[in-house]
Amino acid sequence: MIDPNILKDNTEILEENIKRRKLDISLEELITLDELRRKGKNEADEIRSQQKKLSKEIPSLKGAKKEEALEEAGALSNSVKELTKKADDAEKNFYEKWVKIPNIVDKTSPDGSSEDDNKELRIIGDIPSITKPKNHLELGENLGIIDVEQAANVSGSRFSYLLGDAVLIEFNLVNWVISLLNNKGFTPVVPPVLVRENALYGTGFFPDDAEQVYSIPNDDLYLVGTSEVSLAAYHAESILEDDKLPLRYAGFSTCFRRESGTYGKDTSGIFRVHQFDKVEMFSFCSTEKSKEEHEFLLSIEEEIMQALELPYRVVDVCAGDLGASATKKYDIEAWIPSQQKYREVTSCSNTTDYQSRRLNIRTKKDKKSTFIHTLNGTALAVGRVLIALLENNQNEDGTVSFNDSVASIVGLEKLS
RNA sequence: GGAGAGGUGGCUGAGUGGUUGAAAGCGCUCCCCUGCUAAGGGAGUAAGGACUAAAAUCCUUCGAGGGUUCGAAUCCCUCCCUCUCCGCCA
């Protein structure tokens, strides 16, 4: 959620933002609702104030005067109830719409409406020349380390079994990334993956992306699609000490996504599945330093890609392709030989105060409290990195071999 | 899953219908005092919101939501959370 004051103070910023995000939203209605809400509140407050004053006098009154006062207070009480109800409704009407207003896009984010308009910032690493590259599924099945067929019988489509060396690689990768982040001052976290509705609202996944989230209706819980949710909510409703910022966390968790609306997209293998493991960086940052922090998180993502010697490019996501909570977002896309394309393996967003406002996370500076900025970035999306590693290091016979430095990270030299 | 206890300000903790947004203590800030330190004295110390140029003022908040009442931290209902005991369990 963005600051409601912007609606009356800086309407033009909102106008421009809506344009840049290619949204069809009328501000007029919101402005009216906002005015109604303020007016309603004032009216209710005023009458309530009268009522409170009168009811304080009542105990010192006697006889007829008391009767009179009681009667008047009763009437006031009724109108307070009425006006409060009206004010609450107005408030609700406004916020219902207001929470859907996405974050203000950063000046430096490129314009555009879709993925195709994202701006390529740099390409790093050489694309390997592989004749007739096999895709990761073919490689993985032959090596006996990925089984989606039986997973489909057990759980349905878009699930997988990782087996044998794939599992060793996963644990080695995770361990390596967590240590790397720990050394950089991130606190490693294994967060809850089942959360309450509130955490999802707070992070901006609800109400917009609710259809992507698995729910456990019996217990009113939801499976997180990323540990960003539980990491962000970790400091909900609190005031963080300014000199302790930025607070950095590295969360490892399984992630669950319904992938509704992606029928026919990436149907083969484990590129797009309902369940995968991920190490996520999350930072609670002061408002002045969040841009810097954003670059810092991106630099770590690149460091990881480079250490794994995966060819990749960095993309600055355009305004129209940005999620609601982000003001700016970088994606790293790894080269996928079987597709002859760069595909997303990480995503790094600055969500400024969009989440902190909803989660009520503040800091105090010079006696004034401000909403802090939050940022998130993928350190390691296990499944997709595994795909990139398999495909980019494949041999013609379907085996996979890693050079020494990569082997020292993944823990083995050859898959055969 | 069964039985019980409890949730009050940064913390400890008093408060069962009427200037209680909240005693007291701790902590913190400022001032005074003592050569320094230790000790002592005094003042201040929640958040959010409306309106403001700013202040004043007003409103909300004692786990959350609802109810009773002229008036609720205090009474009633629902939910959440924490703790103790029993059972079960990686």
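Chain letters run A, B, ... following the sequence lines, proteins first, then strands; residues in each count from 1.
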Would you kindly say whether [X] and [Y] are connected by a side-chain donor-acceptor distance under 3.5 Å?
| X | Y | value |
| --- | --- | --- |
| A/Ser227 | A/Glu280 | no |
| A/Asn153 | A/Gln150 | yes |
| A/Ser401 | A/Asn395 | yes |

Grab the [atom1]-[atom2] distance between [X] and [N] for me, whole Å please.
| X | N | atom1 | atom2 | answer |
| --- | --- | --- | --- | --- |
| A/Asp9 | B/A53 | CG | C1' | 14 Å |
| A/Lys244 | B/G10 | NZ | P | 16 Å |
| A/Lys56 | B/G18 | NZ | P | 13 Å |
| A/Glu237 | B/G9 | CD | P | 14 Å |
| A/Glu57 | B/G18 | CD | P | 17 Å |

- Query: Residues in salt bridge (charged side-chain N to carboxylate O under 4.0 Å, His left out) with A/Asp208, at least two apart?
  - Reply: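 Here no residue qualifies.
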- Message: Applying salt bridge (charged side-chain N to carboxylate O under 4.0 Å, His left out), can you list everything that pairs with A/Lys291, at least two apart in sequence or on another chain?
- Response: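 Testing A/Lys291 for salt bridge (charged side-chain N to carboxylate O under 4.0 Å, His left out), a comparison that skips the adjacent residues, returns A/Asp106.
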- Message: Under the criterion ring pair (Phe, Tyr, Trp, His ring centres under 6.0 Å), I'd like the reasoning laid out for A/Phe271 against A/His136: C-alpha separation, chi angles, the key distance, then a yes or no.
- Response: CA-CA 9 Å; A/Phe271 188 84; A/His136 73 276; 7.6 Å; no
- What about A/Phe206 and A/Tyr222, are their ring centers closer than 6.0 Å?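 Ring centres of A/Tyr222 and A/Phe206 closer than 6.0 Å.
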Close N/O contacts between protein and nucleotides 54-61 of chain B (under 3.5 Å):
unit_1	atom_1	unit_2	atom_2	d
B/C58	O3'	A/Ser49	OG	3.1
B/C59	O2'	A/Asp45	OD1	2.7
B/C59	O2'	A/Arg48	NH1	3.2
B/U60	OP2	A/Lys52	NZ	2.7

- Message: Could you walk me through whether A/Thr327 and A/Tyr354 satisfy the side chain to side chain contact (heavy atoms under 4.5 Å, CB included) test, starting with their C-alpha distance in whole Å, then the side-chain angles of each, then the deciding distance to 0.1 Å, before giving a yes or no?
- Response: CA-CA 9 Å; A/Thr327 183; A/Tyr354 194 83; over 6 Å; no
- Side-chain heavy-atom pair A/Glu391, A/Pro133 within 4.5 angstrom cut-off: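 Side chain of A/Glu391 against side chain of A/Pro133, heavy atoms only: no contact under 4.5 Å found.
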- Task: Give the nucleotide from the list B/U68, B/C70, B/G49 with an atom nearest to the side chain of A/Lys81.
- Result: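 That would be B/U68.
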- Message: What's the closest nucleotide to the side chain of A/Lys41 if the choices are B/C80, B/G49, B/A50?
- Response: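 When the side chain of A/Lys41 is considered, B/G49 is the closest of B/C80, B/G49, B/A50.
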Show every donor-acceptor pair shorter than 3.5 Å between a side-chain atom in residues 179-201 of chain A and any protein atom, with sequence neighbours excluded, or say none if there are none.
unit_1	atom_1	unit_2	atom_2	d
A/Ser179	OG	A/Asn175	O	2.7
A/Asn183	ND2	A/Ser179	O	3.3
A/Lys184	NZ	A/Glu303	OE1	3.0

- Message: For RNA chain B, which residues of residues 67-77 of chain A approach it to below 4.0 angstrom with any heavy atom?
- Response: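 Hits under 4.0 Å, by residue number: A/Leu70, A/Ala73, A/Gly74, A/Ser77.
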- Task: Starting from the 5' end of RNA chain B, give me the residue, A/Pro59 or A/Phe371, whose nearest nucleotide shows up first.
- Result: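 Between the two, 5'-proximity favours A/Pro59.
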- Message: For A/Gln51 and A/Ser55, find the nucleotide of RNA chain B closest to each by heavy atoms; which residue's nucleotide sits nearer the 5' end?
- Response: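 Result: A/Ser55.
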- Message: Tell me whether the side-chain N/O atoms of A/Arg37 come closer than 4.0 Å to OP1 or OP2 in B/G49.
- Response: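 Checking B/G49 against A/Arg37, no side-chain N or O comes under 4.0 Å of OP1 or OP2.
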- Message: Can you confirm whether A/Lys53 is buried at NZ, in the sense that more than 12 heavy atoms of other residues, nucleotides or ligands lie under 6.0 Å from that atom?
- Response: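 At most 12 heavy atoms, drawn from other residues, nucleotides or ligands, come within 6.0 Å of this atom.
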- Would you sketch RNA chain B in dot-bracket for me? Only Watson-Crick or G-U wobble pairs with both distances under 3.5 Å count, crossing pairs as [ ], other-strand pairs as |, the rest as dots. ((((((((.[[[..)..(.....]]]((((((.......))))))(((((......))))).[[[[[..)....]]]]])))))))....
